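This report refers to the structure that appears directly beneath it.
All values reported here derive from a predicted model rather than from experimental measurement.
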Amino acid sequence: MGKNKEKEIAQLLQEPDRQKEAFECIVNEYKEQLYWQIRRLVFSHEDADDVLQNTFIKAWMNLEYFRGDAKISTWLYRIAFNESIAFLNKQRATEAISIDDAETTLINKLESDTYFDADESQLEFQKAINSLPEKQKIIFNLKYFQEMKYDEMSEILGTTVGSLKASYHHAVKKIENLLKDSL
């Protein structure tokens, strides 16, 4: 979404009688990007759909707190990120999954997902990403797949740009090493 379009929608959000219209534009504009951000964290199509729906519900319920200081996309990514982490934590707790078993559980979900149709190298790539510590995994996904700039990631994650660059660099090295070993 262009800067002018985003400003226009942000202004519409401030008008009570136009909020629904503005929010529909937001959903149409960001649903696919947010879906893939969430999907890379939770792996399952059904889980990603649920988390995406929760993200938009939370955004709608909290429209009054969006003041336009941040970009709409940054605000939505932050909500989606928080909802994804909450979902994963809840899933670990309800299924009594230890942190060590969480990686295996997510990969098993991915392999059994009927919507996942990648080849063996893509599966190995996903396994390598999933083996990263949670923060590095999130940073890698935002930078690699979403091509998000570090300053925007800094706003979403509340971390310095330098720290993000270092985490991304370490994540790339770990993935490269894991892929060398597996292929």
Starting from [Y], can I reach [X] by hopping between I/L/V/M/F/W/Y residues whose side chains sit under 4.5 Å apart?
X	Y	value
Leu13	Met61	yes
Trp60	Leu12	no
Trp36	Val42	yes

To the nearest 0.5 Å, what is the distance between [atom1] on [X] and [atom2] on [Y]?
X	Y	atom1	atom2	answer
Glu83	Lys90	CD	NZ	10.0 Å
Lys135	Ile85	NZ	CD1	11.5 Å
Ser163	Ile139	OG	CD1	6.0 Å
Ile38	Leu88	CD1	CG	10.5 Å
His45	Leu52	NE2	CG	10.5 Å
Asn141	Met153	CG	CE	10.0 Å

Counting C-beta onward and ignoring hydrogens, is there a side-chain heavy-atom pair between [X] and [Y] closer than 4.5 Å?
X	Y	value
Leu41	Val51	no
Phe125	Ile175	yes
Asn130	Lys137	yes
Gln37	Leu142	yes
Asn62	Ile79	no
Ile129	Arg40	no
Val172	Glu176	yes
Phe87	Asp50	no

In terms of side-chain geometry, is the basic nitrogen of Lys127 or Glu124 positioned less than 4.0 Å from the acidic oxygen of its partner?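 Yes, charged N to carboxylate O under 4.0 Å.
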
Hey, are Arg18 and Glu21 close enough for a salt bridge, meaning a charged N less than 4.0 Å from a carboxylate O?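 Yes, Arg18 and Glu21 are salt-bridged.
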
Can you tell me if Glu6 uses its side chain to pair, donor with acceptor, with the backbone of Ile72 under 3.5 Å?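 Indeed, once roles are kept as given, a pair shorter than 3.5 Å links the two residues.
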
With a 3.5 Å distance limit and no angle check, can you tell me whether Thr159 reaches the backbone of Ser154 through a side-chain donor-acceptor pair?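 Checked: no pair found.
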
Under the ring pair (Phe, Tyr, Trp, His ring centres under 6.0 Å) test, which residues partner Phe56, sequence neighbours left out?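 Ring pair (Phe, Tyr, Trp, His ring centres under 6.0 Å) check on Phe56 returns nothing, list empty.
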
Mark yes when over 12 heavy atoms from residues, nucleotides or ligands other than Glu64 sit less than 6.0 Å from its CD; otherwise mark no.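 Yes, because the 6.0 Å sphere around CD of Glu64 holds more than 12 heavy atoms from other groups.
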
Quick one: closest heavy-atom pair of Ala80 and Thr55, and the distance?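 So the minimum-distance heavy-atom pair works out to CA-OG1, 3.5 Å.
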
Taking atom types as modelled, is there a side-chain donor on Gln33 or Ser73 under 3.5 Å from an acceptor on the other?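 Their side chains do not contain a donor-acceptor pair, so the 3.5 Å distance test is not met.
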
Any chance the side chains of Tyr77 and Glu152 put a donor and an acceptor closer than 3.5 Å?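 No pair is found: no donor N or O on one side chain lies under 3.5 Å from an acceptor on the other.
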
Flag the pair Phe23 / Phe66 as yes when their ring centroid distance falls below 6.0 Å, and as no otherwise.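 Phe23 vs Phe66: aromatic centres not under 6.0 Å.
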
